[in-house]
Amino acid sequence: MRFAELIAAGEDVEGEARLADTLLPRGARVLDAGAGMGRVAAALLQRGHRVVAIEPDAVLVRQARETYPGLPIEERDILGLGPDDGPFDLVVCVGNVMVYLAEGTERVALAAMRDVLAEKGRILVGFHLKGRPPHAREYTVAEFEADLTAVGLRVDLRSGTYQLHPANDDYGVWILSRA
């Protein structure tokens, strides 16, 4: 587990959480969709937000519970979200979740995240465009942004990093809201 090793070595792994935190008032309601081992959700919880984390991989859910005792994490898939699960001020979907989804389910996942947003809620998404992790598929900017439009989302900001460096061809970070 790459992030477990980085955390154990004392490396900074909270870039996504820092950006997410800047998008929120204190005590906001946040969904970490595809939470992995829970590092982003735990960082947001520590910053005073009300966090719910979901992750479909039982091994990662178990690791999250061991690494971050008290973290509210459910073994659950994004595709199973419904409007009654919200509302959330922010949905965080980072760490390549979008490129691990089964091909053809992207619009379902994006619509599910849209449906749990509060009235002025936003979605923070990030994934590799090049140099993808093993087993991750290619998902181009054009495909992603066409899928966003198709499900009624708009791009408020596109960047190349969680520190808001200019957009590039290697990594994509988006802040989205309802169109």
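Note that this is a predicted model, so its numbers are computed, not measured. Excluded from the calculations below are hydrogen atoms, water molecules and symmetry mates; all remaining heavy atoms, backbone and side chain alike, are included.
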Student: Using only atom types and a distance under 3.5 Å, with no angle test, would you say the side chain of Ser159 pairs donor to acceptor with the backbone of His165?
Tutor: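 Side chain of Ser159 to backbone of His165, a donor-acceptor pair under 3.5 Å: yes, one is there.
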
Student: Within a strict 4.5 Å, meaning less than it, do heavy atoms of the Arg47 and Val30 side chains meet?
Tutor: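 They are not in contact (no side-chain heavy atoms under 4.5 Å apart), so the answer is no.
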
Student: Would you say Glu143 has more than 12 foreign heavy atoms packed within less than 6.0 Å of its CD?
Tutor: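 Counting other residues, nucleotides and ligands, CD of Glu143 exceeds 12 neighbours.
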
Student: Using only atom types and a distance under 3.5 Å, with no angle test, would you say the side chain of Arg178 pairs donor to acceptor with the backbone of Arg114?
Tutor: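 A pair under 3.5 Å: yes.
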
Student: Does Arg132 reach the side chain of Asn96, with side-chain heavy atoms less than 4.5 Å apart?
Tutor: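 No - every pair of side-chain heavy atoms lies 4.5 Å or more apart.
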
Student: Is Leu124 close to Leu19 at the side-chain level, that is, under 4.5 Å between some pair of heavy atoms?
Tutor: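 Sidechains of Leu124 and Leu19: in contact.
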
Student: To check you understand the geometry: which heavy-atom pair defines the closest contact between Val91 and Phe88, and what is its length?
Tutor: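 Smallest heavy-atom distance, with atoms named: CG2-CB, 4.4 Å.
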
Student: Would you kindly confirm whether Tyr100 and Tyr139 end up in one hydrophobic cluster when ILVMFWY residues are joined by side chain heavy atoms under 4.5 Å apart?
Tutor: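 No, Tyr100 does not connect to Tyr139 through the hydrophobic network.
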
Student: Of all the heavy-atom pairs spanning Pro56 and Glu75, show the shortest one and how long it is.
Tutor: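 In terms of heavy atoms, the two residues are closest at O-CG, 3.8 Å.
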
Student: So which atom in Val97 and which in Gly34 form the shortest heavy-atom distance, rounded to 0.1 Å?
Tutor: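 Heavy atoms of Val97 and Gly34 come nearest at CG2-O, 3.4 Å.
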
Student: Taking Arg50 for its side chain and Gly27 for its backbone only, find out whether a donor-acceptor pair lies under 3.5 Å.
Tutor: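 Yes; judged by distance alone, with no hydrogens or angles, the pair exists.
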
Student: In terms of hydrophobic clusters joined by side-chain contacts under 4.5 Å, are Val94 and Val51 together?
Tutor: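 Looking at the clustering, Val51 is in the same group as Val94.
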
Student: Do Val173 and Val99 belong to the same hydrophobic cluster, where Ile, Leu, Val, Met, Phe, Trp and Tyr are linked whenever their side-chain heavy atoms lie under 4.5 Å apart, directly or via other members?
Tutor: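 Hydrophobic grouping puts Val173 apart from Val99.
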
Student: How many angstroms lie between atom CD of Gln163 and atom CD of Glu16, to the nearest 0.5 angstrom?
Tutor: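 These two atoms lie 8.5 Å from each other.
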
Student: Rounded at 0.5 Å granularity, tell me how far OG1 in Thr105 sits from CG in Asp77.
Tutor: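 Output value for this atom pair is 8.0 Å.
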
Student: In the single-linkage hydrophobic clustering (I, L, V, M, F, W, Y; side-chain heavy atoms under 4.5 Å), do Leu164 and Val92 co-cluster?
Tutor: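 Result: yes, single cluster for both.
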
Student: A side-chain contact here means heavy atoms from C-beta on lying under 4.5 Å apart; do Glu55 and Ile73 qualify?
Tutor: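 When only atoms from C-beta onward are counted, Ile73 and Glu55 do touch, with a gap below 4.5 Å.
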
Student: Kindly determine whether Asp32 and Leu44 satisfy side-chain contact (heavy atoms from CB on, under 4.5 Å), including the steps that lead there.
Tutor: CA-CA 9 Å; Asp32 187 350; Leu44 291 170; over 6 Å; no

Student: Counting distance only, does the side-chain N/O of Arg29 pair as donor-acceptor with the main-chain N or O of His49 below 3.5 Å?
Tutor: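 No; zero donor-acceptor contacts below 3.5 Å.
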
Student: Check whether any side-chain heavy atom of Pro72 lies under 4.5 Å from a side-chain heavy atom of Leu45, and answer yes or no.
Tutor: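 Contact flag for Pro72/Leu45 side chains = yes.
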
Student: Does Tyr68 reach the side chain of Met37, with side-chain heavy atoms less than 4.5 Å apart?
Tutor: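 When only atoms from C-beta onward are counted, Met37 and Tyr68 do touch, with a gap below 4.5 Å.
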
Student: Honestly curious: do Val125 and Val141 fall in one hydrophobic cluster under the side-chain, below-4.5 Å linking rule?
Tutor: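 Per the 4.5 Å side-chain linkage, Val125 and Val141 are co-clustered.
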
Student: Arg122 and Leu117: which non-hydrogen atoms are nearest, and at how many Å?
Tutor: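 That closest heavy-atom pairing would be O-CD2, 3.3 Å.
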
Student: Rounded to the nearest 0.5 Å, how far does CG of Leu79 lie from CD1 of Ile54?
Tutor: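 Ile54 CD1 to Leu79 CG: 9.0 Å, rounded to 0.5 Å.
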
Student: Donor-acceptor pair, distance only, cut-off 3.5 Å: does the side chain of Arg107 make one with the backbone of Ala150?
Tutor: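 It does not hold such a pair.
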
Student: Any idea which heavy atoms bring His128 and Gly131 closest together, and the distance?
Tutor: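 Smallest interatomic distance, heavy atoms only, reads CD2-O, 3.7 Å.
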
Student: Say you draw a straight line from CG of Leu153 to CD1 of Ile123; how long is it, rounded to the nearest 0.5 Å?
Tutor: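 Output value for this atom pair is 4.5 Å.
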
Student: Check whether any side-chain heavy atom of Phe127 lies under 4.5 Å from a side-chain heavy atom of Trp174, and answer yes or no.
Tutor: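 Contact flag for Phe127/Trp174 side chains = yes.
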
Student: State, to 0.1 Å, how close Pro87 and Ala118 come at their nearest heavy-atom pair, and which atoms those are.
Tutor: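 So the minimum-distance heavy-atom pair works out to CB-CA, 3.6 Å.
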
Student: Is there a side-chain contact (heavy atoms from CB on, under 4.5 Å) between Val52 and Arg76 once you walk through the steps?
Tutor: CA-CA 11 Å; Val52 174; Arg76 197 164 168 211; over 6 Å; no

Student: I'd like to know if the side chain of Asp21 and the backbone of Leu24 have a donor-acceptor N/O pair within less than 3.5 Å.
Tutor: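 No, the answer is negative, given that no donor and acceptor are paired below the 3.5 Å cut-off.
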
Student: How far does OG of Ser177 sit from CG of Leu90, to the nearest 0.5 angstrom?
Tutor: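 Taking OG in Ser177 and CG in Leu90, the distance rounds to 11.5 Å.
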
Student: Answer yes or no: is there a side-chain heavy-atom contact under 4.5 Å between Leu81 and Leu31?
Tutor: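 Yes, their side chains come closer than 4.5 Å.
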
Student: To the closest 0.5 Å, what do you measure between CG (Asp89) and CG (Leu23)?
Tutor: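 Going from CG on Asp89 over to CG on Leu23, the span is 11.0 Å.
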
